[in-house]
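Down below is the structure, laid out as structure tokens.
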Amino acid sequence: MISYSQAHSDLRDIFLGFVEGWDDASKVFLITIYSHWVERSQYPHVLPEKLPPFQLADQIQAQESSSPKHNSNQPLFKFRVLQRYGPKCAVCSVDRKEMLRATHLRPVTNDGSDDPRNGLILCANHHLAFNANLFAFDNSTLNVVFRPQGPNAHDLQITVDSLRSLPELPDQRALAWRYRYWKRVLGL
Ligand SMILES: [Zn+2]
């Protein structure tokens with residue numbers, strides 16, 4: 001990537017970028033741009049197809065609770081979640097990439113990891129509703145569940161009533177964590 005060093009400058013800054021992964025269904029590339037020179041021996045590898053063993057909690061955070069809050073790598077997380085579940089909201093028919101969010105089941109603020117199996121694709125509306133605890137997923141039935149006093153599926157325009165039709169499922173531990181959390185928040 002070549003950019004102006006400063007406004008009206010004759011100089012240019014040159015950055016190295018690496019295509020680390022791509023997803024045909026979502027039509028996205030993950031490109032990491034480095035601010036410093038990278039030697040050939042340090043070139044990043046293309047993201048592996050196979051995921052490492054699942055980690056629900058962010059390891060660094062879990063080991064060093066006094067360390068500063070880690071920064072979730074949102075572009076990498078979104079890329080990985082899109083790759084796993086495809087570019088469509090898990091609970092409605094929205095499939096415009098511009099409207100989709102990668103949502104953590106166990107949130108980063110609760111030490112949740114950026115593992116894609118700790119994520120789901122939701123549209124912006126359902127991302128907000130999910131994080132406001134207006135609905136959840138029962139980890140044993142995979143059904144969408146609502147608060148006893150509402151709003152219901154119709155109010156929230158939820159048209160898909162379970163996660164069973166997803167091409168892949170989130171990790172059961174991530175689903176169970178979120179469902180327990182939701183019930184605790186609601187006092188159920
Ligand atoms: Zn939606």
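Since the structure is predicted, the reported quantities are computational estimates derived from the model, not experimental observations.
One finds the SG atom of C89 at 7.0 Å from the CG atom of L100 (value rounded to the nearest 0.5 Å). Atoms CZ and CG, on R173 and L56 in that order, are 7.5 Å from each other to the nearest 0.5 Å. Going from atom CH2 of W22 over to atom CD1 of I31 covers 11.0 Å, rounded to the nearest 0.5 Å. In this structure, the separation between NE2 on H126 and CD1 on I158 is 4.5 Å, given to the nearest 0.5 Å. Rounding to the nearest 0.5 Å gives a distance of 9.5 Å between CG of D138 and CG of L175. Atom-to-atom distance recorded for K88:NZ and L166:CG is 8.0 Å, nearest 0.5 angstrom.
Counting only heavy atoms from C-beta outward, the side chains of V91 and F135 approach each other to under 4.5 Å.
Here the two rings, on Y179 and F137, have centers that are 6.0 Å apart or farther.
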When you look at F130 and L105, which way does the side-chain contact (heavy atoms from CB on, under 4.5 Å) test go after all the steps?
CA-CA 9 Å; F130 184 66; L105 289 167; 3.8 Å; yes

Under the side-chain contact (heavy atoms from CB on, under 4.5 Å) criterion, do N110 and W177 qualify, and how do the steps go?
-> CA-CA 11 Å; N110 291 82; W177 187 97; 3.7 Å; yes

Verify side-chain contact (heavy atoms from CB on, under 4.5 Å) between V28 and Q83, making sure each step is shown before the conclusion.
-> CA-CA 9 Å; V28 289; Q83 209 177 28; over 6 Å; no

- S165 and V160: side-chain contact (heavy atoms from CB on, under 4.5 Å), yes or no, with the steps? CA-CA 9 Å; S165 54; V160 178; 4.1 Å; yes

Checking R178 against N139 for the side chain to side chain donor-acceptor pair (under 3.5 Å) test, could you report, in this order, the C-alpha distance in whole Å, the side-chain angles of both residues, the deciding distance, and whether it holds? CA-CA 9 Å; R178 186 57 177 240; N139 65 292; over 6 Å; no

Check against side chain to side chain donor-acceptor pair (under 3.5 Å), H104 and D114 = CA-CA 8 Å; H104 287 85; D114 278 345; 2.7 Å; yes

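Between the side chains of S5 and D13, at least one donor-acceptor pair of N or O atoms lies under 3.5 Å.
Within a 6.0 Å sphere centred on CZ of F15, other residues, nucleotides and ligands contribute more than 12 heavy atoms. Counting non-hydrogen atoms of other residues, nucleotides and ligands closer than 6.0 Å to CD of Q157 gives a total of 12 or fewer.
Under a hydrophobic clustering in which Ile, Leu, Val, Met, Phe, Trp and Tyr are joined whenever their side-chain heavy atoms come within less than 4.5 Å, directly or via other members, L134 and I121 fall into the same cluster. Y181 and L188 end up in the same hydrophobic cluster when Ile, Leu, Val, Met, Phe, Trp and Tyr side chains are linked at under 4.5 Å.
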